[in-house]
Amino acid sequence: MNRLSILILAFFSLVSVELFGQQDAANSQDHPLLSRFEGSWINRYSQKQFEAFTYPTSSELVDYDKLKDSKTVEGELTFIEYVSPEGVTATQVFRTYQAQLEKAGFKVIFSCRSGECDKMPMHFVRKYVEGSSSQIGNTMVGGKGSYLVASGTSDGESYIVSLVVGDDSRSNSARYAINVVKVEELDTDKVDVVSVSESLEKDGRFAFYGIQFDLNSATLQPESAEALQVIASFLDTNPKTQVLIVGHTDNTGDFEHNIDLSKRRAESVVKALVEDYSVNAGQLHPLGVGMASPVASNADEGGRALNRRVELVVR
């Protein structure tokens, strides 16, 4: 195919997209709970088997861009960012999803409309909705975003559904992001060498919540044995891999104390792996970061529990 033919093909491909609409992002799909607003296309998409999600329960902010009132849940998390057809407003999208959720028996936990929400939706989508585009945040500048979060059940499973939406004046359409959490507790039986390997390959880290310590101490509790065995088995299977053992705390207490505590806890894990599980010490590097790398808000106990963890990070 000559250069002219390639240019003509590219031109008509662009024209067809403009005339007939955008295609969904690769490997994306609607969530089974909710259908998209008719004619919308998926701009961004992700699904995580187990993740924390923080949602607002009021429109108030503190420290400029942080939620004053929020709740953190965890479970299977699906994120979908849509763009509506031209001429569709954020109000239409908001009302449509509100009706869908109410029809399905979901209860609205909190909602606010453009103006009432002030700047919360803009900061929420930029700071708390992982994977969102800059365009959707831009639609909410000046307090123009709307927000809704609801809870309910489907087929015996509990769900949290979060919707944030704004009008895109440039394209005369609406941009909206949906997060759906199938709420569940972490199943420690799923924490095995395979799941650790897959997570490290994909994300470069794996959070262990099964490694437990005595209160305000670096002494490991006996129930930590299962998680330690998984780490040992992974490193035995991958003898050339070096990892950081990273201790994390919540924000309770003095900052410097938590840095020291998290470091001592990481060192205790390394010591146990070397002495009790015969792991090569050269593969292990302890590090303590205290509260400096949270995965959830420290505003409630659910979030603080998620922040107290030991992570395996590929070096």
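A quick note: this is a predicted structure, and the numbers were derived from the prediction, not measured. Note that the numbering runs from 1 along the sequence shown for the chain.
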Inset, instruction - Report the C-alpha distance between Thr91 and Thr89 in whole Å, list the side-chain angles of each, state the deciding distance to 0.1 Å, and finish with yes or no for side chain to side chain donor-acceptor pair (under 3.5 Å). - result: CA-CA 5 Å; Thr91 298; Thr89 67; 4.5 Å; no
Under the salt bridge (charged side-chain N to carboxylate O under 4.0 Å, His left out) test, which residues partner [X], sequence neighbours left out?
X	value
Arg175	Asp168
Glu38	none
Asp250	Arg308
Asp69	none

Inset, instruction - Sorted by first residue and then second, give each disulfide (SG to SG under 2.5 Å) pair with at least one member in residues 112-181; sequence neighbours left out. - result: Cys112-Cys117
Does any N or O in the side chain of [X] come within less than 3.5 Å of the main-chain N or O of [Y], such that one atom is a donor and the other an acceptor?
X	Y	answer
Glu267	Pro286	no
Ser262	Gly290	yes
Asp118	Met120	no
Ser146	Ser114	yes
Asn138	Ser134	yes
Glu60	Thr57	no
Asp24	Ile42	yes
Asn307	Gly303	yes
Arg265	Phe213	no
Thr237	Ser233	yes

Do the side chains of [Y] and [X] get nearer than 4.5 Å, heavy atoms only?
X	Y	value
Leu77	Lys182	no
Tyr147	Leu163	no
Ile160	Val180	no
Phe53	Phe79	no
Leu101	Leu34	yes
Phe94	Thr96	no
Val243	Ile245	yes
Val269	Ile211	yes

Inset, instruction - May I have all residue pairs that pass salt bridge (charged side-chain N to carboxylate O under 4.0 Å, His left out) and include part of residues 205-219, sequence neighbours excluded? - result: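 The answer is Arg205-Glu311.
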Legend entry - salt bridge (charged side-chain N to carboxylate O under 4.0 Å, His left out) contacts touching residues 90-114 (sequence neighbours left out): none
Legend entry - Residue pairs passing the ring pair (Phe, Tyr, Trp, His ring centres under 6.0 Å) test where at least one lies in residues 243-262, sequence neighbours excluded: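 Listed by first then second residue: nothing to list.
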Legend entry - Pair listing, ring pair (Phe, Tyr, Trp, His ring centres under 6.0 Å) test, anchored in residues 214-243, at least two apart: none
Legend entry - Ring centers of Tyr64, His123 separated by less than 6.0 Å: yes
Legend entry - Tyr55 ring center within less than 6.0 Å of Phe124 ring center: no
Inset, instruction - Ignoring hydrogens and angles, state whether a donor on the side chain of Thr72 or Thr54 is under 3.5 Å from an acceptor on the partner side chain. - result: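 Yes, side-chain donor-acceptor contact under 3.5 Å.
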Legend entry - Between Glu81 and Ser133, a side-chain donor and acceptor under 3.5 Å: yes
Legend entry - Carboxylate-amine/guanidinium contact Asp300 Arg304, below 4.0 Å: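 Salt bridge between Asp300 and Arg304, a charged N being under 4.0 Å from a carboxylate O: no.
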Legend entry - Pair Lys48 + Glu74, salt bridge at N-O below 4.0 Å: no
Inset, instruction - Test Ser173 against Glu86 for side chain to side chain donor-acceptor pair (under 3.5 Å), laying out the working first. - result: CA-CA 5 Å; Ser173 61; Glu86 185 177 353; over 6 Å; no
Kindly write out the residues that satisfy side chain to side chain donor-acceptor pair (under 3.5 Å) with [X], not counting sequence neighbours, or none if the list is empty.
X	result
Asp30	Arg36, Tyr82
Ser268	none
Ser197	none

Inset, instruction - Sort out for me which residue in Tyr176, Phe106, Phe37 forms a ring-ring contact (aromatic ring centres under 6.0 Å, His included) with Tyr97. - result: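 Exactly one option meets the ring-ring contact (aromatic ring centres under 6.0 Å, His included) with Tyr97, and it is Tyr176.
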Legend entry - Gln283 and Thr241: CA distance, side-chain angles, deciding distance, side chain to side chain donor-acceptor pair (under 3.5 Å) verdict: CA-CA 6 Å; Gln283 292 180 268; Thr241 300; 5.7 Å; no
Please find the pair of heavy atoms, one from [X] and one from [Y], that lie closest to each other, and give the distance.
X	Y	answer
Lys144	Thr139	CB-O, 3.8 Å
Pro56	Phe110	O-CD2, 3.8 Å
Trp41	Gln23	CE3-O, 3.8 Å
Tyr209	Ala305	CE2-O, 3.7 Å
Ala174	Val165	CB-CG2, 4.4 Å
Ile136	Ala177	CD1-N, 3.5 Å

Legend entry - Val196 vs Leu312, side chain to side chain contact (heavy atoms under 4.5 Å, CB included): CA-CA, chis, key distance, verdict: CA-CA 9 Å; Val196 171; Leu312 202 66; 4.1 Å; yes
Inset, instruction - Report, as yes or no, whether the 6.0 Å neighbourhood of atom CG on Asn27 holds more than 12 heavy atoms from other residues, nucleotides or ligands. - result: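 Not more than 12 within 6.0 Å, no.
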Inset, instruction - Evaluate whether atom NZ of Lys119 has more than 12 neighbouring non-hydrogen atoms of other residues, nucleotides or ligands under 6.0 angstrom away. - result: no
Inset, instruction - Anything under 30° is parallel, anything over 60° is perpendicular, the rest tilted; go ahead and classify Tyr159 against His31. - result: perpendicular
Inset, instruction - Check the pair Ser297 / Tyr128 against side chain to side chain donor-acceptor pair (under 3.5 Å), numbers first and verdict last. - result: CA-CA 10 Å; Ser297 169; Tyr128 295 87; 5.8 Å; no
Inset, instruction - Just do the side chain to side chain contact (heavy atoms under 4.5 Å, CB included) check on Phe208 and Arg309 with the steps written out, would you? - result: CA-CA 6 Å; Phe208 286 88; Arg309 67 200 189 278; over 6 Å; no
Inset, instruction - Any chance you could measure Lys66, atom NZ, to Asn298, atom CG, to the nearest 0.5 Å? - result: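 Atom-to-atom, Lys66:NZ and Asn298:CG are 11.5 Å apart.
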